Engineer: 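Got a structure for you, questions after.
Note that the structure is a prediction, hence the values are computed from the model and not measured. In what follows, chains carry the letters A, B, and so on, assigned in the order in which the sequence lines appear, proteins first and then strands, with residues in each chain numbered from 1.
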Amino acid sequence: MTADGTKTKKTPRAAPAARTARAELWRVVVLNDPVNRMSYVVMVLRRVFGLAEERARKHMLEVHETGRSVLWSGTREQAEAYVFALQQWHLTAMAQTDETA
Amino acid sequence: MKRVEIKLNISAVAPLLDIIKQAADDLRQNLAIRATFPEDDSEFNETWTQELLAGQNSDVRELLGLFGSDFFADGTITIDSHNSDSLLRGCSALRIQILTRWLQGIPADLLEDEDVPAEAIADEVRGPFASYTFLDQVQKIILEHLDPGAEEA
């Protein structure tokens with residue numbers, strides 16, 4: 001489940017086939033929080049998404065200045081994996097579709 | 001393997017550990033940040049929560065383990081690439097809990113200021129604030145000296 005290779009390897013239960021049949025685009029959104037230092041957020045984004053430092057910093061600043069940043073979009077399963085990994089690092093993150101946004 | 005040894009003042013850190021242990025107790029059954037889930041599926045969400053909680057507890061235990069009898073013998077903690085991820089996450093979870101439990105009344109600009117004079121903080125929350133700042137400094141040292149962001153995604 002972890003997108004960043006951290007030690008918790010078990011994953012939340014796989015989504016049932018009926019749900020995976022949807023062709024929705026899921027977005028991974030990171031929200032601002034008052035605790036984690038900027039360099040920590042940049043490190044987490046680099047680790048979880050494999051971003052270059054400059055791109056991770058750009059997303060971090062977007063989160064800091066606007067309250068949120070969309071980090072990734074794609075399948076539900078991968079979005080869940082990313083959100084789970086971000087929550088392991090105690091970032092406030094969610095997976096959204098156009099319906100749930 | 002990179003390794004950092006930090007020499008601390010035992011008498012200054014000991015009271016902070018009391019606060020940190022209280023926050024750790026709070027976190028035993030609770031996530032530092034409430035999880036959000038893709039859908040309203042209680043079984044899925046429970047599994048998700050329990051797995052996050054297991055990881056959080058493991059990370060907090062790793063952090064508290066730095067301050068065992070060896071620490072009280074010489075005041076030194078050792079951080080390397082084997083424990084740095086757990087320690088970073090443990091510090092984050094504990095800082096969030098300390099903020100939630102004790103520091104809600106402190107303005108954000110003071111929380112982010114690394115050089116806040118003690119008199120700017122009310123007496124009753126100076127201990128939690130010092131613990132919050134101490135854990136921030138541990139994170140800062142790890143980020144600056146062990147460069148965990150350089151690892152492969």
Side-chain angles (χ1 to χ4, degrees), chain A residues 1-16 19 24 26 28-29 31-53 56-57 64 76-77 79-97 99-100, chain B residues 27 31-41 43-56 58-59 62 84-86 88-100 103-104 106-108 111-112 114 132 135-137 139-140 142-144 146-153:
Chain A
M1 171 51 122
T2 56
D4 68 335
T6 54
K7 67 184 174 183
T8 304
K9 296 298 183 192
K10 266 180 78 180
T11 67
R13 179 171 55 84
R19 291 195 309 199
E24 293 169 323
W26 287 75
V28 175
V29 181
L31 304 180
N32 195 25
D33 76 70
V35 173
N36 291 306
R37 60 167 47 241
M38 292 180 179
S39 56
Y40 176 84
V41 175
V42 169
M43 181 277 298
V44 173
L45 298 182
R46 288 178 68 191
R47 292 282 295 274
V48 172
F49 295 100
L51 300 179
E53 175 146 11
R57 185 166 295 280
H64 186 67
R76 173 199 166 110
E77 288 75 13
E80 284 178 359
Y82 280 136
V83 168
F84 188 81
L86 292 165
Q87 291 182 0
Q88 283 185 305
W89 287 94
H90 309 292
L91 297 196
T92 305
M94 60 181 67
Q96 290 183 328
T97 62
E99 270 180 28
T100 58
Chain B
L27 290 176
L31 291 173
I33 288 185
R34 193 166 59 88
T36 56
F37 313 104
E39 277 195 26
D40 187 17
D41 176 333
E43 185 186 344
F44 178 88
N45 296 350
E46 179 62 18
T47 303
W48 182 296
T49 300
Q50 290 306 317
E51 289 179 4
L52 286 176
L53 196 55
Q56 176 182 277
S58 172
D59 293 336
E62 183 84 35
S84 60
D85 282 359
S86 277
L88 283 167
R89 289 191 296 262
C91 286
S92 180
L94 288 162
R95 293 184 74 231
I96 291 165
Q97 183 56 28
I98 290 169
L99 175 72
T100 301
L103 305 179
Q104 292 286 349
I106 296 184
L111 289 172
E112 292 174 7
E114 294 187 11
Y132 180 87
L135 293 171
D136 180 52
Q137 292 304 308
Q139 276 193 324
K140 185 178 177 183
I142 296 172
L143 290 166
E144 287 183 356
L146 295 178
D147 194 18
E151 295 182 21
E152 292 292 322

Engineer: What part of Ile96(B) gets closer than 4.5 Å to chain A, counting heavy atoms only: side chain, backbone, both or neither?
Structural biologist: both
Engineer: About how many Å separate CD1 of Ile33(B) and CG of Leu31(A), when rounded to the nearest 0.5 Å?
Structural biologist: 9.5 Å
Engineer: Going by heavy atoms in the side chains, are Phe44(B) and Glu80(A) under 4.5 Å from each other?
Structural biologist: yes
Engineer: Counting only heavy atoms closer than 4.5 Å, note whether Tyr132(B) contacts chain A via side chain, backbone, both or neither.
Structural biologist: side chain
Engineer: I'd like to check Pro34(A) versus Leu111(B) (side-chain heavy atoms, cut-off strictly below 4.5 Å). Are they in contact?
Structural biologist: no
Engineer: Less than 4.5 Å apart, side chain to side chain, heavy atoms only: is that true for Arg37(A) and Glu114(B)?
Structural biologist: yes
Engineer: Relative to chain B, which segment of Ala93(A) carries a heavy atom at a distance below 4.5 Å: side chain, backbone, both, or neither?
Structural biologist: backbone
Engineer: Rounded to the nearest 0.5 Å, what separation is found between the SG atom of Cys91(B) and the NE2 atom of His90(A)?
Structural biologist: 10.0 Å
Engineer: Return the set of residues passing salt bridge (Lys or Arg N to Asp or Glu O under 4.0 Å) with Glu112(B) (not counting sequence neighbours), or none when no residue passes.
Structural biologist: none
Engineer: Just how far is it from atom OH of Tyr40(A) to atom CD1 of Ile142(B), taken to the nearest 0.5 Å?
Structural biologist: 10.0 Å
Engineer: Looking only at heavy atoms, which two atoms of Trp48(B) and Gln87(A) are closest? And how far apart?
Structural biologist: NE1-OE1, 2.8 Å
Engineer: Taking the side chain as every heavy atom from C-beta outward, state whether Trp89(A) and Asp85(B) have any atom pair closer than 4.5 Å.
Structural biologist: yes
Engineer: Under 4.5 Å heavy-atom distance to chain A, tell me which part of Leu88(B) shows up: side chain, backbone, both or neither.
Structural biologist: both
Engineer: Chain A heavy atoms under 4.5 Å from Ala35(B): which part of the residue, side chain, backbone, both or neither?
Structural biologist: both
Engineer: Looking at CE of Met38(A) and CG of Leu143(B), how far apart are the two atoms once the value is rounded to the nearest 0.5 Å?
Structural biologist: 13.5 Å
